[in-house]
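Report on one structure; see the data block that follows.
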Amino acid sequence: MSDRKANLILPNGEASIDFPIHSGTIGPDAVDIRALLGKTGKVTYDPGFLSTASCRSAITYIDGDEGVLLYRGYPIEQLAKNCDFLEVCHLLLNGELPNSEEKTRFDSKVMRHTMVHDQINNFFRGFRRDAHPMAILVGTVGALSAFYHDSLDLDNPSHREISQFRLIAKIPTLAAMAYKYSVGQPFVYPDNELSYSANFMRMLFSVPAEEYKVNDTLARALDRIFILHADHEQNASTSTVRLAGSSGANPFACIAAGIACLWGPAHGGANEACLDMLEEIGDVSRVGEYIKKAKDKNSGFRLMGFGHRVYKNYDPRAKLMRETCHEVLGELGLENDRLFKLAMELERIALEDDYFVEKKLYPNVDFYSGIVQRAMGIPTNMFTCIFALARTVGWIAQWNEMISDSEQKIGRPRQLYVGEGLRDVKSIQQR
Ligand code: SDX
């Protein structure tokens, strides 16, 4: 802890108080205001927590101005090119990339938990066939806690460890089941001989009636999509998981809360919304009309896949996703994909427009991810499930870090009350 201080002087000599300033490894310093209420009777006001650090974390670092994303210090570009998703899972959870022996052990630990309890199948029968897969995922992931009463003691590290393996391993199975249920095809059991991503593709697309051959290029592209979405510091859904976990809720309930938050179109639902937007624009000739709408405050329309709370530069994940787009469309002979060309033209025009330049609105991870997934045959309403599947490891790593942080208490923000002052109830005759 440094001995540097920030001084707060309140009007009319009410108070002059010093608050400690903490420095991290990299990134902004933090003014420690924990004593503010006790010393001044005042609270800070920061809707959306734009200037608030909710915790100390050693997992992910983002530099929004420079467009930098590090997982445990490694640049996302290097991880996406040199590692597979389970290596990145090991890194996020344990702080280091695995050596080959550690990788073998970690991968087999994950892959031996890929099946779900057979009674989980009954949950699906209760959903309509046209239920949104995210609704099914929220329900079934939360329901997992009903099957593991033997390992919900959060103070027991082995309980926390097996829960993390169960969640990372079972969420692809549940996501694939949600898709199969929506198209009326039988569920496909996991095949633990396949890689994590190839297994997910097989559970999604294989049918009992014929042999399924995994396309390695597509499986690798999907693995990269998982890596790019694995964690992202204290975003809305991660903060939801931390807040739920701070009450002592079990990890399955916390991850279900994270999935619910991610579903929003301002967050993880943006990739689905972005593809719907591109379909609505339809043709490059209409791009100008939509750019105009996005700039009109009264339109209520935003360019999905553009802008970010932290990135005021190009989201490094969007660059990697665009490369993956090229690879996948090339592999599938779809280089002239209408939506991909439309997306690139939309990006070009937006990035030349003063409104977007001044507000530092660049494509984010969601801008290209929908195009890649659509090309792979993944339906639009499954995009956010894929995001949730990938982000589960980040949520668990952050949840684990919070549980082990001696400074953490139950999350309980305060408010600036602007409602009615004290008043008496009148009888109904007098109202
Ligand atoms: C994710 O936090 C994370 O890390 C999230 C995420 C992760 O990995 O977990 O990165 C994943 O959620 C990516 C973001 C996906 N969402 C979208 O693509 C939806 C479209 N984007 C916007 O809704 C918006 O950009 C947000 C929600 C992403 C960020 O909102 P902010 O930082 O609160 O920005 P803002 O709403 O205050 O906007 C600043 C200005 C506003 O104009 P003014 O009030 O200053 O005049 O920019 C405008 C906004 O109107 N603006 C946009 C815009 N995004 C912001 N205008 C048009 N189109 C947009 N997309």
Side-chain angles (χ1 to χ4, degrees), residues 46-54 57 59-65 67-71 76 80 88 92 134 225-242 258-278 281 287 289-321 343 346-347 349-351 353-371 383-384 386-395 397-398:
D46 186 17
F49 314 118
L50 284 96
S51 302
T52 296
S54 62
S57 181
I59 299 172
T60 293
Y61 175 72
I62 302 169
D63 181 331
D65 294 328
V68 169
L69 169 57
L70 310 177
Y71 289 166
I76 190 69
V88 171
L92 289 169
M134 281 296 277
I225 288 173
F226 293 162
I227 291 171
L228 296 180
H229 288 83
D231 193 51
H232 213 238
E233 199 214 66
Q234 305 312 317
N235 57 83
S237 53
T238 297
S239 299
T240 301
V241 171
R242 278 179 171 262
I259 295 170
C261 176
L262 187 74
W263 196 359
H267 190 13
N271 49 21
E272 177 177 357
C274 182
L275 209 79
D276 292 344
M277 175 191 73
L278 289 171
I281 295 173
V287 164
E289 172 196 335
Y290 281 82
I291 295 268
K292 193 159 171 272
K293 261 173 74 175
K295 292 156 62 174
D296 171 10
K297 283 273 165 288
N298 303 319
S299 73
F301 172 77
R302 283 192 167 182
L303 221 45
M304 288 291 115
F306 264 76
H308 198 275
R309 171 59 55 77
V310 178
Y311 289 122
K312 301 309 172 190
N313 197 322
Y314 211 101
D315 182 338
R317 302 168 298 176
K319 278 185 194 149
L320 290 160
M321 197 62 79
L346 176 60
E347 174 189 340
I349 295 170
L351 295 186
D353 186 292
D354 290 346
Y355 173 91
F356 290 88
V357 173
E358 279 154 26
K359 293 182 185 299
K360 299 183 178 179
L361 302 174
Y362 291 86
N364 58 47
V365 67
D366 292 303
F367 188 63
Y368 285 105
S369 71
I371 297 166
F383 291 174
T384 313
I386 307 281
F387 195 150
L389 184 164
R391 186 54 59 87
T392 292
V393 64
W395 288 330
Q398 299 272 351

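When a ligand or atom number is given, it counts from 1 through the structure's own listing order.
A donor-acceptor pair shorter than 3.5 Å cannot be found between the side chains of T60 and H232. Judged by distance alone, the side chains of E233 and Q398 never bring a donor and an acceptor atom under 3.5 Å apart.
By the criterion of a heavy-atom distance under 4.0 Å, neither the backbone nor the side chain of Y311 is placed next to ligand 1. By the criterion of a heavy-atom distance under 4.0 Å, the side chain of L361, and not its backbone, is placed next to ligand 1. Only the side chain of R391 comes within 4.0 Å of ligand 1, counting heavy atoms alone; its backbone N, CA, C and O stay farther away.
Put simply, OG on S369 and CG on L228 are 9.5 Å apart, with the number rounded to the nearest 0.5 Å.
Side chain of T384 to backbone of G268: a donor-acceptor contact under 3.5 angstrom is found. The closest donor-acceptor contact from the side chain of N313 to the backbone of D65 lies under 3.5 Å. Side-chain atoms of D46 come within 3.5 Å of backbone atoms of S51 as a donor-acceptor pair (strictly under, hydrogens ignored). Between the Y362 side chain and the K312 main chain, no donor and acceptor come within less than 3.5 Å of each other. Not one N or O on the side chain of N271 forms a donor-acceptor pair closer than 3.5 Å with the backbone of G370. Using a distance-only test at 3.5 Å, with no hydrogens or angles considered, no donor-acceptor pair links the side chain of S299 to the main chain of K295. Using a distance-only test at 3.5 Å, with no hydrogens or angles considered, no donor-acceptor pair links the side chain of R317 to the main chain of I225.
By the definition of a contact as any protein heavy atom under 4.0 Å away, atom 34 (O) of ligand 1 is not in contact. For atom 37 (O) of ligand 1, the protein comes within 4.0 Å by no heavy atom at all. Contact annotation for atom 5 (C) of ligand 1: protein present (non-hydrogen atoms, distance under 4.0 Å).
Below 3.5 Å of separation, one finds an N or O of F306 facing an N or O of ligand 1. Considering backbone and side-chain N/O of K359, one or more are found under 3.5 Å from N/O of ligand 1. An N or O contact shorter than 3.5 Å links G305 to ligand 1 by distance. Inclusion of A266 in the set of residues having an N or O under 3.5 Å from an N or O of ligand 1 is warranted. Looking at ligand 1, you'll find an N or O of L303 within less than 3.5 Å of one of its N or O atoms. For ligand 1, the polar-atom distance check against H267 finds a nitrogen or oxygen pair separated by under 3.5 Å.
Using a 4.0 angstrom heavy-atom cutoff, F301 does not count as in contact with ligand 1.
In this structure, atom 41 (C) of ligand 1 lies nearest to the protein heavy atom R302 NH2, 4.0 Å. Of the protein's non-hydrogen atoms, the one nearest atom 14 (C) of ligand 1 is N364 ND2, 3.6 Å. Nearest protein heavy-atom contact of atom 2 (O) of ligand 1 is N235 CB, 3.4 Å. For atom 57 (C) of ligand 1, the closest non-hydrogen atom on the protein side is A294 O, 3.6 Å. Looking from atom 17 (C) of ligand 1 to the surrounding protein, the closest heavy atom is A270 CB, 3.5 Å. Among all non-hydrogen protein atoms, the one lying nearest atom 56 (N) of ligand 1 is Y355 OH, 3.1 Å.
The distance from ligand 1 to the heavy atoms of H308 drops below 4.0 Å at these ligand atoms: 2 (O), 3 (C), 4 (O), 5 (C), 6 (C), 10 (O), 13 (C), 25 (O), 28 (C), 29 (C), 32 (O). Every atom of ligand 1 with a heavy atom of D366 under 4.0 Å away is listed here by number and element: 1 (C), 13 (C), 14 (C), 15 (C).
Atom NZ of K360 is surrounded by 12 or fewer heavy atoms from other residues, nucleotides or ligands within 6.0 Å. No more than 12 heavy atoms of other residues, nucleotides or ligands sit less than 6.0 Å from atom CZ of F49.
Comparing C261, A230, G307 by heavy-atom distance to atom 28 (C) of ligand 1, the nearest is G307. Closest heavy-atom approach to atom 8 (O) of ligand 1 within the set R317, R309, K297: this belongs to R317.
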Test D276 against M304 for side-chain contact (heavy atoms from CB on, under 4.5 Å), laying out the working first. CA-CA 9 Å; D276 292 344; M304 288 291 115; over 6 Å; no

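By the 6.0 Å and 45° rule, K359 stacks over the aromatic ring of Y355.
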